[in-house]
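Down below is the structure, laid out as C-alpha cells.
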Amino acid sequence: LALTEMDEAGLLAALEDALAAQLISEQRGGGGTTYRFSHALVQETLYGELSLARRQRIHLKAARALEELRATRIDSMTTQLAHHYYQGNDRDKAITYSRRAGDGALRVYAWEEAARHWNNALELMEDGPANDEDRASLLQAFGDLTYLAGVDDEKGVHALEQALAI
C-alpha cells in the first residue's frame, strides 16, 4: 500500500485481476506472500508505459518505504536504495547510497558493480554542488579501482587526473 494510491480493497482487486490474467504469479513463503511478474517482458512493457514523472515518484516511494521498513538493516539494502534514489532523481540520497553500495561491492570483490555505483555518484556530483574533498576522494577510489582491476584503464586514469586536479 505504501507505493500505491489505492486503498486495500482496490489493491486486492487489482492483484486478483493481474493473477487471473497471468501477468503476475503469487509465491507464499516464510515472510508472507510475494508477487512477481510472470515474465520480464510484462514488467518491461508496463514500466515503459509509465511517464517519467510517475516512474520517478514510484522509485522515491519505494526508496522511502525500504528505508522505513529496513531501518535496522539498511546496510543490506544499499544497492536497492541507490537504484531507487538514482531513478527517483533524489541527487543527494542517490550519491550517498551509490557510494555505500560501491563500498559494499568492493568488499566482496564485485569490481564492476562497485565501479558502476561510484560512477553514478560521480555523474550526480557533476550535476550540482559537491564537496571537492568528497569528490576527489571518490574520483581517486574510482580511478584506482577501474585502472587496477582492469575495468576501464582509460577511464581510471582520467578519474585519477581529475582527482589530482582538485
Side-chain angles (χ1 to χ4, degrees), residues 1-127 138 141-142 145-146 149-152 154-156 159:
L1 289 174
L3 300 180
T4 70
E5 296 171 358
M6 304 170 85
D7 62 11
E8 188 174 349
L11 178 60
L12 289 173
L15 283 172
E16 289 166 350
D17 290 345
L19 282 166
Q22 297 182 346
L23 295 173
I24 61 173
S25 62
E26 183 177 57
Q27 287 129 10
R28 294 185 181 113
T33 304
T34 59
Y35 298 91
R36 300 203 183 274
F37 287 100
S38 58
H39 195 281
L41 289 176
V42 172
Q43 180 181 359
E44 187 178 318
T45 300
L46 293 173
Y47 186 77
E49 290 180 1
L50 298 173
S51 68
L52 178 59
R54 186 169 298 275
R55 279 191 299 237
Q56 287 176 338
R57 187 169 175 211
I58 289 170
H59 281 290
L60 284 176
K61 282 183 170 187
R64 291 173 183 148
L66 283 172
E67 276 184 319
E68 186 176 316
L69 294 172
R70 307 280 191 232
T72 59
R73 296 181 294 153
I74 208 78
D75 287 337
S76 67
M77 305 299 296
T78 55
T79 297
Q80 293 90 338
L81 289 165
H83 169 74
H84 287 302
Y85 278 121
Y86 185 83
Q87 294 298 322
N89 204 28
D90 184 323
R91 180 185 173 274
D92 293 336
K93 288 216 176 193
I95 290 170
T96 298
Y97 284 114
S98 292
R99 289 187 76 164
R100 289 176 66 180
D103 294 345
L106 186 67
R107 282 192 295 277
V108 295
Y109 309 104
W111 313 123
E112 290 179 358
E113 183 178 343
R116 181 176 48 83
H117 287 297
W118 287 346
N119 187 60
N120 286 349
L122 288 166
E123 284 178 7
L124 292 169
M125 286 177 167
E126 289 176 7
D127 292 343
L138 186 56
F142 177 78
L145 172 66
T146 54
V151 174
D152 188 337
E154 189 175 317
K155 201 169 193 177

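When a residue number appears, it is its place in the shown sequence, counting from 1. Predicted model, so just to flag it, every value in this text is computed and none were measured.
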The reported gap from CG in L106 to CG in L145 (rounded to nearest 0.5 angstrom) is 6.0 Å
Taking all heavy atoms of M6 and all of G10, pick out the closest pair and write down the distance.
CE-O, 3.1 Å
Would you give the length of the straight line joining atom OH of Y47 to atom CD1 of I58, rounded to the nearest 0.5 angstrom?
8.0 Å
Point-to-point distance, once rounded to the nearest 0.5 Å, from CG of L15 to CG of L23:
11.5 Å
Tell me whether T146 contacts the main-chain N or O of V151 through its side chain, where contact means a donor paired with an acceptor under 3.5 Å.
no
Can you list the steps and then say if Q56 with Q87 is a side chain to side chain contact (heavy atoms under 4.5 Å, CB included)?
CA-CA 6 Å; Q56 287 176 338; Q87 294 298 322; over 6 Å; no
Got a second to check how far H84's NE2 is from R64's CZ, nearest 0.5 Å?
12.5 Å
If you draw a 6.0 Å radius around CD in E126, do more than 12 non-hydrogen atoms from other residues or ligands fall strictly inside?
yes
Considering residues, nucleotides and ligands other than Q22, do more than 12 of their heavy atoms fall under 6.0 Å from its CD?
no
Do I95 and N120 have side chains that get closer than 4.5 Å, going by heavy atoms?
no
Are a donor atom and an acceptor atom from the side chains of E67 and Y85 found within less than 3.5 Å of each other?
yes
Is a side-chain N or O of R91 found less than 3.5 angstrom from the main chain of L124, in a donor-acceptor match?
yes
I need the minimum non-hydrogen distance between S76 and Q80, along with the two atoms involved.
O-OE1, 3.8 Å
Given the rule in the side chain to side chain contact (heavy atoms under 4.5 Å, CB included) test, do H59 and Y86 qualify, once you have shown the distances and angles that lead to the verdict?
CA-CA 8 Å; H59 281 290; Y86 185 83; over 6 Å; no
D75 vs R100 side-chain heavy atoms within contact, under 4.5 Å:
yes
Interatomic distance, CH2@W118 vs CZ@R99, rounded to 0.5 Å, equals 9.0 Å
Closest approach of H117 and A82, non-hydrogen atoms and distance?
ND1-CB, 4.2 Å
Any chance you could lay out the side chain to side chain contact (heavy atoms under 4.5 Å, CB included) test for E26 and L19, step after step, and finish with the verdict?
CA-CA 8 Å; E26 183 177 57; L19 282 166; 3.9 Å; yes
Should R28 and T34 be marked as a side chain to side chain contact (heavy atoms under 4.5 Å, CB included) after you check the CA-CA gap, both sets of side-chain angles, and the distance that decides it?
CA-CA 6 Å; R28 294 185 181 113; T34 59; over 6 Å; no
Measuring only between side-chain heavy atoms, which start at C-beta, is E113 closer than 4.5 Å to T79?
yes
Could you measure the distance from the OH atom of Y97 to the OG1 atom of T78? Nearest 0.5 Å is fine.
9.0 Å
F142 versus A115, closest heavy-atom pair with distance:
CE1-O, 3.3 Å
Would one find more than 12 heavy atoms of other residues, nucleotides or ligands at under 6.0 Å from atom CD of E112?
no
Should the heavy atoms of other residues, nucleotides or ligands under 6.0 Å from CZ of R57 be counted, would the total exceed 12?
no
